[in-house]
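Note sheet for the following structure.
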Number of protein chains: 2
Amino acid sequence: MAPRGEVRRLHRNRRDVPLYEMVDSLIRKRLVENVWSPGAMLPSEIQLAREFGVSQGTVRRTLDALVAEGLLYRRQGVGTFVSEMEDRRSLFLFFNMVADDGRQEMPAARLLGAEFGQANEEEARRLAIAVGAPVRRLRRLRLFRETPMIVEKVVVSDALLPGLGTEVPLPDHLFRHYEVAYRVTVVEADETVRAVGAEPEDAALLELAVGTPLLQIDRVAYALQRRPVEWRVSRCDTSGQSYRIHRG
Amino acid sequence: MAPRGEVRRLHRNRRDVPLYEMVDSLIRKRLVENVWSPGAMLPSEIQLAREFGVSQGTVRRTLDALVAEGLLYRRQGVGTFVSEMEDRRSLFLFFNMVADDGRQEMPAARLLGAEFGQANEEEARRLAIAVGAPVRRLRRLRLFRETPMIVEKVVVSDALLPGLGTEVPLPDHLFRHYEVAYRVTVVEADETVRAVGAEPEDAALLELAVGTPLLQIDRVAYALQRRPVEWRVSRCDTSGQSYRIHRG
DNA sequence: TAGTGGTCTAGACCACATT
DNA sequence: ATGTGGTCTAGACCACTAT
């Protein structure tokens, strides 16, 4: 536990950094280190204020920002909690395919293959690991209402998520699995999308003609502090569905 | 001008709505009505507090939220201002194509055609206007370094943006034009993307084979209060570029 | 009833930009 | 020197939840 007045003491030496930022750092540190795990309740604002040696208003300001960011949530009259995947918009933050009839369902996933390997240059760059570092590669086929719609390749660092899928069968929702099985929580992602023609392999799996236009989504997902967790490339048949984006 | 203590008076009758939300509504109202136009400086927090009959802290809380939303920005020691298109991330909020070499340039636009017409059902739905209401339709070709890359169709309500492009030649950056010429500021957008095959028309313009995979971006842009401003469908050659998305 | 978060205030003091 | 936003405090009171 941090000693009483911890922030205030540090602050004397760094007059340029606001107190609320130092409180922010301390709280994030505990989240990263799982001192407070997803689902757990934080101490009350008053307690945190006492512990850090700042006013309740300052703690509150920090918590407000973390809540806005989706890392924490509050229940009035109860307390402040660490968000879990389900609390977050996660399911629909990272899953944005919508059928043309407006339905938005979580697709089933069928594992096509899994292997251990060594990171090539591209994988190393995306995952911010060394070339040759151990990685786990997965290939999956995703189905909506029994119809194959997406082919995806997933690569993760085996150091961060050791033996992914060797202990238990992989669930449809990998991010949730990373969180409960490895205490690694995805909080953001960068994607680039483009249109490509179906390769013979895609075509066979998706039961389409070679060259059919597919939407390719290339995504790196990050945990706190922009630590790369997963690199995923999905190729999607968008003849009956589309990919949603909100801007602003 | 609002009479002194306006918020406080209203608040007596609506104890359930927080003061900062009422202040928020009043400020947004003035933004919508262009009492404070893009680029203008707002009264100081102290003045606003006096005028609305609340404390400076409450005004500040509201301004914080509007700044976070991108509607306003502050310059320490100077004042609080209404954001303009350039202040916003606008250029890159609504323009996210990135060349494979990492370069991100504003593409030139060549007008292919413009017409006045009456809204069909789809246009009416997208723009939230009546079927048959007057609309303006534009077709443009966008070029990166002289190479045609995007074909786009734009539809706007002629009531909201009367005579678009008839007075002056249209600039590359339409959103900026909406703001300076019509005082209509785009603040958010919903997009759906999918992969499609190039139609003969697309193919001719983009100098590609019919059926070449193109990225189709279907976007409705909104002003404050989710008022639809523009419906745009872009078809992009993504063989040498991709479309960026950040999530989280 | 006790404890939590939610709202709001009044005021102190600092950092910064303009005049 | 003045006025602006930026930080921080201490405390009041309300609304909600659990017991």
Side-chain angles (χ1 to χ4, degrees), chain A residues 4-27 36 39-68 70-83 87, chain B residues 4-27 36 39-68 70-83 87:
Chain A
R4 192 160 168 154
E6 171 174 9
V7 172
R8 176 59 48 138
R9 225 180 41 255
L10 292 170
H11 197 238
R12 287 216 190 82
N13 305 324
R14 325 186 84 207
R15 263 287 170 19
D16 49 329
V17 181
L19 285 178
Y20 67 83
E21 276 187 23
M22 308 195 73
V23 173
D24 186 271
S25 302
L26 289 168
I27 293 178
W36 298 321
M41 188 174 95
L42 269 60
S44 75
E45 297 176 351
I46 295 281
Q47 283 177 297
L48 288 172
R50 264 204 297 267
E51 186 183 336
F52 294 144
V54 301
S55 74
Q56 188 207 357
T58 300
V59 168
R60 187 169 182 80
R61 174 175 184 160
T62 302
L63 295 182
D64 279 345
L66 292 167
V67 167
L71 254 42
L72 306 176
Y73 66 93
R74 302 194 224 247
R75 288 173 50 200
Q76 185 172 5
V78 185
T80 303
F81 301 81
V82 183
S83 296
D87 304 323
Chain B
R4 193 159 165 153
E6 173 174 9
V7 172
R8 177 57 47 133
R9 225 179 41 256
L10 293 170
H11 197 238
R12 286 216 191 82
N13 306 323
R14 324 185 89 209
R15 263 282 167 29
D16 48 330
V17 181
L19 284 178
Y20 67 83
E21 277 188 23
M22 307 194 74
V23 173
D24 186 272
S25 302
L26 288 169
I27 293 178
W36 297 322
M41 188 174 94
L42 270 59
S44 75
E45 297 177 351
I46 296 282
Q47 283 177 297
L48 287 173
R50 263 204 296 267
E51 185 182 339
F52 293 143
V54 301
S55 74
Q56 188 209 356
T58 300
V59 168
R60 187 169 182 80
R61 174 173 185 163
T62 302
L63 294 182
D64 279 344
L66 292 167
V67 167
L71 255 42
L72 306 177
Y73 67 92
R74 302 194 225 245
R75 288 172 51 198
Q76 185 171 6
V78 184
T80 304
F81 301 81
V82 183
S83 295
D87 304 323

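Only heavy atoms go into these numbers, but all of them, side chains included; no hydrogens, no water, no symmetry mates. Because the structure is predicted, anything quoted here is derived from the model rather than measured. Below, chains carry the letters A, B, ... as their sequence lines are ordered, and counting in each starts from 1.
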A side-chain contact here means heavy atoms from C-beta on lying under 4.5 Å apart; do B:Trp36 and B:Leu72 qualify? no

Could you tell me whether the side chain of A:Thr62 reaches within less than 4.5 Å of the side chain of A:Leu19, counting heavy atoms only? no

Side chain of A:Thr80 only, please: which of D:dA18, C:dG5, D:dC8 is the nearest? C:dG5

Using a 4.5 Å cut-off on heavy atoms from C-beta on, say whether the side chain of B:Arg74 contacts that of B:Val67. yes

Under the 3.5 angstrom rule, does the side chain of B:Gln47 hit a backbone N or O of B:Ser44 as a donor-acceptor pair? yes

Applying ring-ring contact (aromatic ring centres under 6.0 Å, His included), name anything that partners B:Tyr20, two or more places apart in sequence or on another chain. none

B:Thr80 side chain to B:Leu42 backbone, donor-acceptor under 3.5 Å: no

Please pick, from C:dT4, D:dT17, D:dG5, the nucleotide with the shortest atom-to-atom distance to any side-chain atom of A:Val78. D:dT17

Quiz item: B:Gln76 side-chain donor-acceptor pair to C:dA17 base, under 3.5 Å: no

Value rounded to 0.5 Å, distance of CG in A:Leu71 from CD1 in A:Ile27: 10.5 Å

Between the first and last five pairs of the helix from C:dT1-D:dA18 to C:dT18-D:dA1, the angle of the axes, rounded to 10 degrees: 0°

Here the residues of residues 60-67 of chain B within 4.0 Å heavy-atom distance, strictly under, of DNA chain D are B:Arg60

Counting only side-chain nitrogens and oxygens, does A:Tyr20 get under 4.0 Å of the OP1 or OP2 atom of D:dT7? yes

